[in-house]
Each structure stands twice: as C-alpha cells, then as structure tokens.
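Residue numbers run from 1 in the order of the sequence given.
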Amino acid sequence: QVQLVESGGGLVQAGGSLRLSCTASGRTFSNHVMGWFRQAPGREREFVASISGSGSAAYYRDSVETRFFISRDNARNTVALQMNNLKVEDTAVYYCAQGRGIGLASLEARYDAWGQGTQVTVSS
C-alpha cells in the first residue's frame, strides 16, 4: 500500500520561503517519478513541479520555475519542494504525488498515489 505524507505547510508573508517535504512508503521509491501539485480555492488542481526517478531531471510550471526547487533523496524516500519569493497567488493546498515510471510528468493522469495535502498561505 502506497502512502505519501506531506509536511511543512504554513502561513508566510509575501517574499518569504517555505519548504515542503513528502515521505513515501509502499514501493521502491527510485522507480517512480515524483511531483507536486496545488489547488487554490475555487480552482482546479494544477501541476507545480516534477522530478525524475533518479533526480537528474526536473520540470516546473512557468510561474514557479525561477522560485521553486524540487529535490529528492532516494535513500530516505523523500521529496521536497523549496519555495522562495512566495507570492499571494501561490496560496493553495499542495499535494505530493507519485507516478508510474521514472520519467518527468506534468499530467495528473500519470500519477497514481497522492498525499493528503498541506496548506500554504501567503499573506500580502
């Protein structure tokens, strides 16, 4: 049984930083792409970042590419999202996801395991 547990959300002022973490269990971690998605109130869930199974490649949505950094530690079965220079529009529930295969993926359909989500609130 795959389980993903996120931590690290909270309230921060615009311009600040937060680091989200996700710990996975249930299957061989390095065999799976990992991703972060987010859902703001009244909006559909959207892709944020993806990292390949080995951690050698990453992909971001345009609006976060210069501010967010995704990383993974395959020895610890963890993936992190470092979020810098946060903006009010980054406010959302952030979800960790684990996908099929090792290649990068931005589509939700590629992911078959999801965490419970963690709230990130950015105040002006």
Side-chain angles (χ1 to χ4, degrees):
Q1 180 180 354
V2 179
Q3 188 173 17
L4 304 177
V5 179
E6 301 111 333
S7 61
L11 173 65
V12 64
Q13 287 190 327
S17 298
L18 279 176
R19 182 178 177 86
L20 306 182
S21 183
C22 172
T23 302
S25 60
R27 53 189 181 184
T28 303
F29 187 68
S30 59
N31 288 350
H32 298 273
V33 58
M34 296 298 296
W36 287 95
F37 289 76
R38 67 186 181 186
Q39 186 168 23
R43 302 187 64 176
E44 293 187 355
R45 189 158 58 186
E46 63 183 18
F47 167 77
V48 176
S50 172
I51 188 166
S52 63
S54 67
S56 61
Y59 178 64
Y60 301 87
R61 70 178 300 107
D62 288 347
S63 62
V64 309
E65 188 168 14
T66 61
R67 302 183 293 119
F68 290 11
F69 178 72
I70 187 171
S71 62
R72 66 189 294 161
D73 183 340
N74 286 347
R76 296 173 183 256
N77 290 1
T78 59
V79 60
L81 185 69
Q82 177 66 40
M83 305 184 293
N84 301 319
N85 190 21
L86 281 159
K87 303 179 180 181
V88 172
E89 52 264 41
D90 294 319
T91 295
V93 176
Y94 283 70
Y95 296 90
C96 171
Q98 188 174 69
R100 293 181 294 274
I102 61 173
L104 296 174
S106 61
L107 298 178
E108 284 196 36
R110 275 284 309 278
Y111 293 87
D112 58 2
W114 295 82
Q116 80 285 357
T118 185
Q119 177 70 45
V120 171
T121 303
V122 184
S123 63
S124 59

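Between Leu11 and Ser123 the shortest side-chain heavy-atom distance falls below 4.5 Å. Residues Met83 and Arg67 have side chains not in contact (no heavy-atom distance under 4.5 Å, counting atoms from C-beta outward). Put simply, the side chain of Tyr95 reaches to within 4.5 Å of the side chain of Gln39, judged on heavy atoms. Taking 4.5 Å as the limit, some side-chain heavy atom of Leu86 sits within range of a side-chain heavy atom of Val122. Residues Tyr59 and Phe47 form a side-chain contact, since some pair of their non-hydrogen atoms from C-beta on lies under 4.5 Å apart.
Listed for the Arg72 side chain is no donor-acceptor partner under 3.5 Å among the backbone atoms of Val33. Judged by distance alone, with hydrogens and angles left aside, the side-chain atoms of Gln82 form no donor-acceptor pair with the main-chain N or O of Phe68 at under 3.5 Å. Side-chain atoms of Glu6 come within 3.5 Å of backbone atoms of Gln116 as a donor-acceptor pair (strictly under, hydrogens ignored). Side-chain atoms of Asn74 come within 3.5 Å of backbone atoms of Gly53 as a donor-acceptor pair (strictly under, hydrogens ignored). For the pair Thr28 (side chain) and Ser30 (backbone), a donor-acceptor distance under 3.5 Å is absent.
We find the OG1-OH distance between Thr118 and Tyr94 to be 10.5 Å, quoted to the nearest 0.5 Å. With values rounded to the nearest 0.5 angstrom, Ser50 atom OG is found 4.5 Å from Leu104 atom CG. The distance from the CE atom of Met34 to the SG atom of Cys96 is 3.5 Å, given to the nearest 0.5 Å. We find the OG-CG distance between Ser17 and Asn84 to be 4.0 Å, quoted to the nearest 0.5 Å. The CG atom of Leu4 lies 7.5 Å from the OG atom of Ser25; values are rounded to the nearest 0.5 Å. To the nearest 0.5 angstrom, Arg43 atom CZ is 9.5 Å from Glu89 atom CD.
For Asn77 and Thr23, the side-chain atoms include no donor-acceptor pair closer than 3.5 Å. Side chain to side chain, Tyr111 and Ser106 fail the donor-acceptor criterion of an N or O pair below 3.5 Å. A donor atom on one side chain and an acceptor atom on the other are not found under 3.5 Å apart for Ser63 and Glu65.
Centroid-to-centroid, the aromatic rings of Phe69 and Tyr60 stay 6.0 Å apart or farther. In this structure, Trp114 has its ring center under 6.0 Å from that of Phe37.
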Between Val12 and Thr121, is a side chain to side chain contact (heavy atoms under 4.5 Å, CB included) present by the stated rule, with each step listed?
CA-CA 6 Å; Val12 64; Thr121 303; over 6 Å; no
Can Ser7 and Arg19 be said to form a side chain to side chain contact (heavy atoms under 4.5 Å, CB included), step by step?
CA-CA 9 Å; Ser7 61; Arg19 182 178 177 86; over 6 Å; no
Between Arg38 and Glu46, does a side chain to side chain contact (heavy atoms under 4.5 Å, CB included) hold up when you go through it step by step?
CA-CA 5 Å; Arg38 67 186 181 186; Glu46 63 183 18; 2.7 Å; yes
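Clustering ILVMFWY residues whenever any of their side-chain heavy atoms sit less than 4.5 angstrom apart, transitively, puts Ile51 in the very cluster that holds Phe29.
Checking Leu20, Asp90, Thr91 one by one against Val120, the side-chain contact (heavy atoms from CB on, under 4.5 Å) holds for a single residue, Leu20. Partner of Gln98 under the side chain to side chain donor-acceptor pair (under 3.5 Å) criterion, chosen from His32, Arg27, Arg110, Gln3: Arg27.
Heavy atoms only, all atoms of each residue included: Ala14 and Ser124 are closest at CB-CA, 4.5 Å.
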